[in-house]
Amino acid sequence: MRDGDLEAKLERAEEIYEDLVRTRASLGTVLAEAIRRGRDLSEFGRRMEDLPLLIQKADVRRAELKVELLARRLKEAEAAHGRAAEAASRALASLEEAKKSHAKAASLERRSALEAYRLKELRDEEAERLERLRAEERKPHEVAAP
């Protein structure tokens with residue numbers, strides 16, 4: 001049975017129960033009407049005896065339907081919770097993996113930056129040395145030329 005069908009049955013059970021309770025509340029009026037019309041009061045008596053049992057049965061049926069509907073909703077909610085918990089677990093694992101990857105990348109970036117800085121310093125030193133060597137190489141030629 002689908003939830004919609006179950007909800008419809010529950011709604012109908014609620015209506016039946018409420019009708020029976022209203023009937024019990026109006027017994028005085030019904031009795032007065034039966035007496036006024038001169039009807040057989042034995043029929044009224046049987047109905048009056050049956051009414052508490054009918055109300056109890058209607059209330060039990062209504063409670064059964066509510067329990068069944070709530071049990072289904074609970075099962076669906078538990079399943080959704082399980083799926084959400086699994087997704088959260090996977091996301092946490094992904095987050096932890098991403099943190100590790102980030103830490104590795106950051107460490108590599110720092111090492112690379114230090115290496116680049118070191119190589120830039122060496123290059124600059126060598127470039128200065130090269131300029132000095134070229135300058136020294138030009139000086140003997142400049143002296144000989146005049």
Side-chain angles (χ1 to χ4, degrees), residues 1-34 39 41 43-146:
M1 181 184 322
R2 297 178 324 189
D3 281 357
D5 295 338
L6 191 57
E7 287 172 357
K9 282 186 176 189
L10 177 59
E11 187 176 316
R12 181 67 185 134
E14 292 279 354
E15 290 170 4
I16 291 170
Y17 175 79
E18 289 169 10
D19 285 347
L20 289 169
V21 170
R22 277 193 297 274
T23 299
R24 180 177 61 190
S26 65
L27 280 178
T29 306
V30 173
L31 177 60
E33 181 68 23
R39 291 195 177 151
L41 294 182
E43 175 69 24
F44 177 79
R46 280 193 307 278
R47 288 188 179 183
M48 209 167 118
E49 288 174 6
D50 291 345
L51 190 57
L53 180 61
L54 291 173
I55 290 172
Q56 182 183 11
K57 284 183 177 181
D59 197 22
V60 167
R61 179 65 181 147
R62 184 174 68 142
E64 288 171 346
L65 290 169
K66 281 182 182 179
V67 166
E68 185 177 346
L69 182 61
L70 291 173
R72 285 181 181 197
R73 289 182 178 164
L74 172 62
K75 187 176 179 180
E76 291 170 4
E78 286 173 340
H81 174 261
R83 289 188 301 273
E86 179 63 30
S89 178
R90 286 191 308 270
L92 179 60
S94 294
L95 175 61
E96 292 300 322
E97 187 61 34
K99 283 181 179 180
K100 288 178 187 175
S101 295
H102 176 265
K104 276 184 178 177
S107 175
L108 181 60
E109 185 269 335
R110 282 189 298 276
R111 284 193 310 259
S112 297
L114 288 173
E115 181 67 11
Y117 181 77
R118 187 182 69 77
L119 291 172
K120 181 181 180 288
E121 290 291 317
L122 287 174
R123 183 207 61 192
D124 291 348
E125 288 174 12
E126 284 300 313
E128 287 175 16
R129 183 172 173 268
L130 177 61
E131 281 301 314
R132 280 193 313 268
L133 289 173
R134 285 184 178 159
E136 288 174 10
E137 186 177 75
R138 282 190 299 260
K139 282 186 184 180
H141 291 82
E142 291 175 7
V143 174

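Because the structure is a prediction, the values reported are computed rather than measured.
- For E64, the CD atom is densely surrounded, since the number of other residues' heavy atoms within 6.0 Å is greater than 12.
- For the pair E136 and R132, the salt-bridge criterion is not met [side-chain N within less than 4.0 Å of a carboxylate O].
- A salt bridge links K120 to D124: one of the charged nitrogens lies within less than 4.0 Å of a carboxylate oxygen.
- For the atom pair CD of E78 and CG of L74, the computed distance is 4.0 Å after rounding to the nearest 0.5 Å.
- A distance of 10.5 Å separates CD of E128 from CZ of R123, quoted to the nearest 0.5 Å.
- Taking the side chain as every heavy atom from C-beta outward, I16 and R12 approach each other to under 4.5 Å.
- The minimum heavy-atom distance between L20 and L51, with the atom names listed, is CD2-CD1, 3.7 Å.
- For E18, the CD atom counts as densely surrounded, since its 6.0 Å shell holds more than 12 non-hydrogen atoms of other residues, nucleotides or ligands.
- Judged by distance alone, with hydrogens and angles left aside, the side-chain atoms of S89 form no donor-acceptor pair with the main-chain N or O of A85 at under 3.5 Å.
- Look at E126 and R129 and you find a salt bridge, because one of the NZ, NE, NH1 or NH2 atoms lies within 4.0 Å of a carboxylate O, short of that distance.
- A salt bridge does not link R72 to E7: none of the charged side-chain nitrogens sits closer than 4.0 Å to a carboxylate oxygen.
- Between the OH atom of Y17 and the CZ atom of R22 there is a distance of 11.5 Å, given to the nearest 0.5 Å.
- The structure places CG of L133 at 10.5 Å from CZ of R138, a figure rounded to the nearest 0.5 Å.
- Contact check for K104 versus K100: no side-chain heavy atoms found under the 4.5 Å cut-off.
- A salt bridge does not link E121 to R118: none of the charged nitrogens lies less than 4.0 Å from a carboxylate oxygen.
- The shortest heavy-atom contact between R62 and L10 is O-CD1, 3.5 Å.
- Here the straight-line distance linking atom CD1 of I55 with atom CG of D19 works out to 11.0 Å at 0.5 Å rounding.
- Judged purely by distance below 3.5 Å, without hydrogens or angles, the side chains of S94 and R90 never pair a donor atom with an acceptor atom.
- Between the CG atom in L119 and the OG atom in S112 there is a gap of 10.5 Å [rounded to 0.5 Å].
- In this structure, L114 and R111 have side chains that are not in contact, with every pair of non-hydrogen atoms separated by 4.5 Å or more.
- When all heavy atoms of L65 and K9 are compared, the pair lying nearest together is CD1-O, 3.5 Å.
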